[in-house]
Amino acid sequence: MAKGAARVIYWFRTDLRLHDSPALQAALDLKLEVLFPIWCWDSHYVYRARVGVNRFQFLIDCQNDLSESITKLNNKSKLFVMREPAVTLLPKLFKTWKITHLVFEKDTDAYARDRDNQVMEMAKQAGVEVIVKSGRTLWDSDELVKANGGKPTMSSTQLQAAGAKAGEIARPIDAPKRIPDPGDMDLNIEQTKPKPEPDFNAKYRDSEEASYSSGIAGPKGDYSPPTIEELGMPAATTPHKGGETVVLKMLEEILADEEYTGTFEKPKTSPAAFEPQSTCLTSPYLHFGALSCRYFYHKVQDIVDKRKKEKQSVSKMPESLNGQLAFRDMYFSAQAALGWSFAQTYNNSHCRFIPWHLPSKINTSNNLITGSYEVDDPEKDAWLHRWTHGTTGFPWIDAIMRQLRQEGWIHHLARHSVACFLTRGGAYISWERGAEVFEELLIDHETACNVGNWQWLSCTAFYAQFYRCYSPVAFGKKWDPEGRFVRRYVPELKDLPARYIYEPHKAPIADQKAAGVQITGDGSSSATSSSSSGLKTYPKPMFDFNTQREICIQGMKNAYRVGMHGNDPRVLDGSWKKAFDDDAEGPTEGVKGGPGGLETWDDVEEGGEEDDGPVDELKTPKGKGKGSGKGQASSKGGKKGHKREHSQSTLDGAFEKKRAKG
DNA sequence: GTGAAGGTTGGTACA
DNA sequence: ATGTACCAACCTTCA
């Protein structure tokens, strides 16, 4: 080996691919002595992020696939999966492996930024040069923010304008033809085990989690990707399989159909289609970086350009395939600008404040949501549970939620349906509750996109037409009048006549009997269990939709009129209640509340583990706008039954009018 | 400043 | 079957 040659760690994260990786290319462009391709098993992922079994399995698929691809290029190398978080492991590796360079792809997620900043500081101290390249989005998200005047991109217009300023989308880079040898992998360093608290993933496990218990090299001592058993989880149920080679083959088939690719219009694809679905299902691969979005973009654009030249029809942004990628970039750069606050209402300058039911608890020492919530009304908590488990009594909603739980992927419009239903168009429950459930169950969960879409659908940011409301009956009917989708995912209804399939409680008893199902109860007993009559059961609707829809629209109108955002001083300190009529929807009763949407607040409520912040092995991020939350304990109100004086009022007029009218 | 048009993908009634 | 007007009314963008 040449003297002075580089000893490089390539740190794989959400870029589990060889094709079109600017960061990997930068590493290979160095005058290399050794290249260590590694993955650090982050405790954030194991414990703090909500990762259900299907996404874990998809990640493991991607790791195995990449590892095999690396080995094909060099049989001494692979993806070395190391059982320790990066922030404790990397400094040790810098020394032991005599590392000169650390290379990785840029990640603008709030958590990843904190982690990477810490790693970069440690690298600096160790004299290790760090190379970071953007490759996760079409444009560098920070560049888009700059081009947008330092502000988050909140509309597709802003995104397009910022994108035009930021310049051309980089052309894809070929996969490497060779990978250098790794160095000596016989490690003699002590493993630092992260603390498992808080452990949001505990409830998804059926046996003990053992991610760190077999040492850094894992149970076989060979740094191979973990198995789902090692994570203490039951077998995955998703039919979708991760991996770069899988998605490149999928994509080849999609692109071979130039008409589909060139004329794709998202709103015209059916949310009720299954086997096969109506869209290309590339999102989970984009999330893990098994597919490069820029590669995807240019492959599509080449076809679009070709069709244009041949005077064939093409679809345009934002409905087109590349329009979907543009939305992804919009959400990423909105998140890049707002940081931690992007993923919550509290302290978020761009998220409208609405007094939803089941609001997030707030840690006022860092202004972040804790991951738990307040039950302002037990009935709403029961609704949330029924929504989460697909037992709302609305077959369209339940079919979608069951497909989500089983397969980890649902169509975009299906997401619209259930998100609208949970928030502004049905249960009036905080979008943050829904986002948490999606985070657990989606294999394509991407914080920026998930949070952005929940804000969109709940009309708290990005979108405001709350009077456009999805019906859990009509919307399904429009796409699937026969109810094939419902019959597939809610099998207890599979023999019901089509005219009752979206509203089974309206079926006469004779029809229910003939279909072998009884519409009864609240879904608390297992939906597929037999009732005493020997029939299967399916629950009655958990509320009257039209009534709830009216309540929600009134609530939204009211909240819009009040016009607060998440960083409003009144939201921060709990005095937001003064601005709402006691009869307004949500936990609004009384004069004083807690921070965020909390109805009540005890100063000691947020003690304990969760005060460590969202990143257990990192320093707690400093919140902005501090000082507003403290000192409220003495004035905590939540006095039930208090009726406001008329001073608060601009709303009252509107309310009276509506009441008189209605 | 103002008003009109547009906004990734609603529902319903009626021609 | 498909297209259109209307529902009641939000925000951003742009002339």
Side-chain angles (χ1 to χ4, degrees), chain A residues 148-149 151-164 263-273 277-279 283 300 314-331 334 349-354 394 396-397 400 410-421 423-426 449 452-482 502-503 545-565 651 654-655 657-658 660-662:
Chain A
N148 196 44
K151 293 194 293 272
T153 48
M154 300 304 287
S155 70
S156 54
T157 314
Q158 287 174 4
L159 187 276
Q160 307 266 16
T263 64
F264 181 94
E265 289 174 275
K266 188 65 156 281
K268 292 190 179 161
T269 60
S270 171
Q277 71 286 340
S278 60
T279 54
S283 49
V300 170
V314 294
S315 54
K316 289 201 283 284
M317 297 245 217
E319 288 90 356
S320 63
L321 267 184
N322 279 345
Q324 307 309 304
L325 291 175
F327 273 109
R328 182 173 174 272
D329 260 51
M330 178 186 79
Y331 289 136
S349 53
H350 286 69
C351 187
R352 199 170 280 281
F353 174 77
I354 290 158
F394 293 92
W396 173 247
I397 300 297
I400 293 166
I410 51 179
H411 187 275
H412 190 62
L413 290 179
R415 301 179 197 206
H416 279 212
S417 274
V418 298
C420 181
F421 182 86
T423 57
R424 67 174 166 89
C449 300
N453 277 319
W454 273 97
Q455 293 178 354
W456 184 300
L457 262 299
S458 61
C459 289
T460 50
F462 300 102
Y463 190 74
Q465 291 165 265
F466 53 75
Y467 45 87
R468 287 197 174 171
C469 182
Y470 289 85
S471 158
V473 175
F475 192 69
K477 231 181 239 177
K478 181 169 98 182
W479 289 103
D480 182 12
E482 295 303 312
Y502 292 102
E503 294 173 287
F545 175 71
N546 288 328
T547 306
Q548 276 307 120
R549 181 182 176 280
E550 264 314 299
I551 290 170
C552 284
I553 288 187
Q554 288 310 310
M556 294 300 288
K557 251 164 88 170
N558 191 14
Y560 265 70
R561 185 178 284 262
V562 171
M564 290 192 273
H565 283 78
L651 312 168
F655 255 67
K657 240 188 277 171
K658 192 70 199 178
K661 231 167 106 183

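Model, not experiment: these values are computed from the prediction.
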Q. With a 6.0 Å cut-off on ring centres, are A:Phe462 and A:Tyr331 close enough?
A. yes

Q: Mind checking A:Arg415 for me? I need base, sugar-phosphate or nothing, with any heavy atom below 4.0 Å counting as a touch.
A: nothing

Q: Report the nucleotide, chosen from B:dG7, B:dT9, B:dG11, that has the shortest atom-to-atom distance to any side-chain atom of A:Gln465.
A: B:dG7

Q.
Measuring from the side chain of A:Arg352 (C-beta onward, heavy atoms only), which nucleotide among B:dT9, C:dC11, C:dT13 has the closest atom?
A. C:dC11

Q) Which of these nucleotides, B:dT9, C:dA8, C:dC11, is closest to any side-chain atom of A:Ala464? A) C:dC11

Q.
Checking A:Thr269 against A:His411: is there a side-chain donor and acceptor pair closer than 3.5 Å?
A. yes

Q: Show your reasoning for whether ring-ring contact (aromatic ring centres under 6.0 Å, His included) applies to A:Phe421 and A:Tyr470.
A: CA-CA 7 Å; A:Phe421 182 86; A:Tyr470 289 85; over 10 Å; no

Q. Touch check for A:Trp479, heavy atoms < 4.0 angstrom, all strands: base, sugar-phosphate only, or nothing?
A. nothing

Q) The side chain of A:Tyr470 lies closest to which of these nucleotides: C:dA9, B:dT9, B:dT8? A) B:dT9

Q | Among B:dT8, B:dG7, C:dA8, the nucleotide that comes nearest once only the side chain of A:Lys557 is considered | A | C:dA8

Q) Using purine N1 to pyrimidine N3 plus N6-O4 or O6-N4 for Watson-Crick, or N1-O2 and O6-N3 for G-U wobble, each under 3.5 Å, what pairs with B:dT8? A) none

Q.
Measuring from atom CZ of A:Phe475 to atom SG of A:Cys420, what distance do you get when rounded to the nearest 0.5 angstrom?
A. 10.0 Å

Q.
Whole angstroms only, please: what is the CD-C1' distance between A:Gln324 and B:dT9?
A. 10 Å

Q. Which part of the nucleic acid, if any, lies within contact of A:Thr269, taking any heavy atom under 4.0 Å across all strands shown: a base, the sugar-phosphate backbone alone, or nothing?
A. nothing

**Q.** Integer-rounded Å distance: B:dT8 C1' and A:Arg468 CZ
**A.** 11 Å

Q.
Would the base of C:dA8 count as contacting A:Tyr467 through its side chain, where contact means a donor and an acceptor less than 3.5 Å apart?
A. no

Q) Are A:Met556 and A:Ile354 close enough that some pair of their side-chain heavy atoms sits under 4.5 Å apart? A) yes

Q: Go ahead and name the base partner of C:dA9; Watson-Crick or wobble counts if both distances stay under 3.5 Å, otherwise write none.
A: none

Q | Nucleotide nearest A:Phe327 when distance is taken to its side chain, options B:dT8, C:dT12, C:dA8 | A | B:dT8

Q.
Using the side-chain heavy atoms of A:Ser155, tell me which of these nucleotides is nearest: C:dT12, C:dC10, B:dT9.
A. C:dT12

Q | Euclidean distance for P, C:dA8 against B:dC14 (whole angstrom) | A | 15 Å

Q) Taking a pair as Watson-Crick or G-U wobble with both distances under 3.5 Å, which nucleotide is matched to C:dG3? A) B:dC14

Q: Rounded to whole angstrom, note down the P distance from B:dT9 over to C:dT13.
A: 16 Å

Q: Sticking with atom P, work out how far C:dT4 lies from B:dG6, rounded to a whole angstrom.
A: 16 Å

Q) Rounded to whole angstroms, how far apart are NE2 on A:His411 and P on B:dT8? A) 17 Å

**Q.** Sugar-phosphate only, base, or nothing, as touched by A:Glu265 at under 4.0 Å among non-hydrogen atoms
**A.** nothing

Q. A:Phe475 side chain: which of B:dT8, B:dT9, B:dG10 is closest?
A. B:dG10

Q) Heavy-atom distance under 4.5 Å between the side chains of A:Glu503 and A:Lys477, does that happen here? A) yes

Q.
Using the side-chain heavy atoms of A:His416, tell me which of these nucleotides is nearest: C:dA8, B:dT9, B:dG11.
A. B:dT9

Q. Atom CD in A:Gln158, atom CE in A:Met330: separation rounded to 0.5 Å?
A. 9.0 Å

(Q) From NZ of A:Lys478 over to C1' of C:dA1, roughly how many Å is that when rounded to an integer? (A) 15 Å

(Q) Would you measure the distance from the C1' atom in B:dT8 across to the matching atom in C:dA5 and give it in whole Å? (A) 22 Å

Q.
Can you measure A:Asn148 atom CG to C:dT12 atom P for me and round it to whole angstrom units?
A. 13 Å

Q | Between C:dC10 (P) and A:Phe462 (CZ): distance, integer Å | A | 21 Å

Q | Closest to the A:Ser471 side chain, choosing from C:dC14, B:dT9, B:dG11 | A | B:dG11

Q. Would you say A:Phe466 stacks on C:dC10, if stacking means ring centres under 5.5 Å apart and planes within less than 30 degrees?
A. no

Q: Give the rounded distance in Å between these two atoms: CG of A:Asn558 and P of C:dA9.
A: 13 Å

Q) Given atom CH2 of A:Trp396 and atom C1' of B:dG11, what is their separation to the nearest angstrom? A) 15 Å

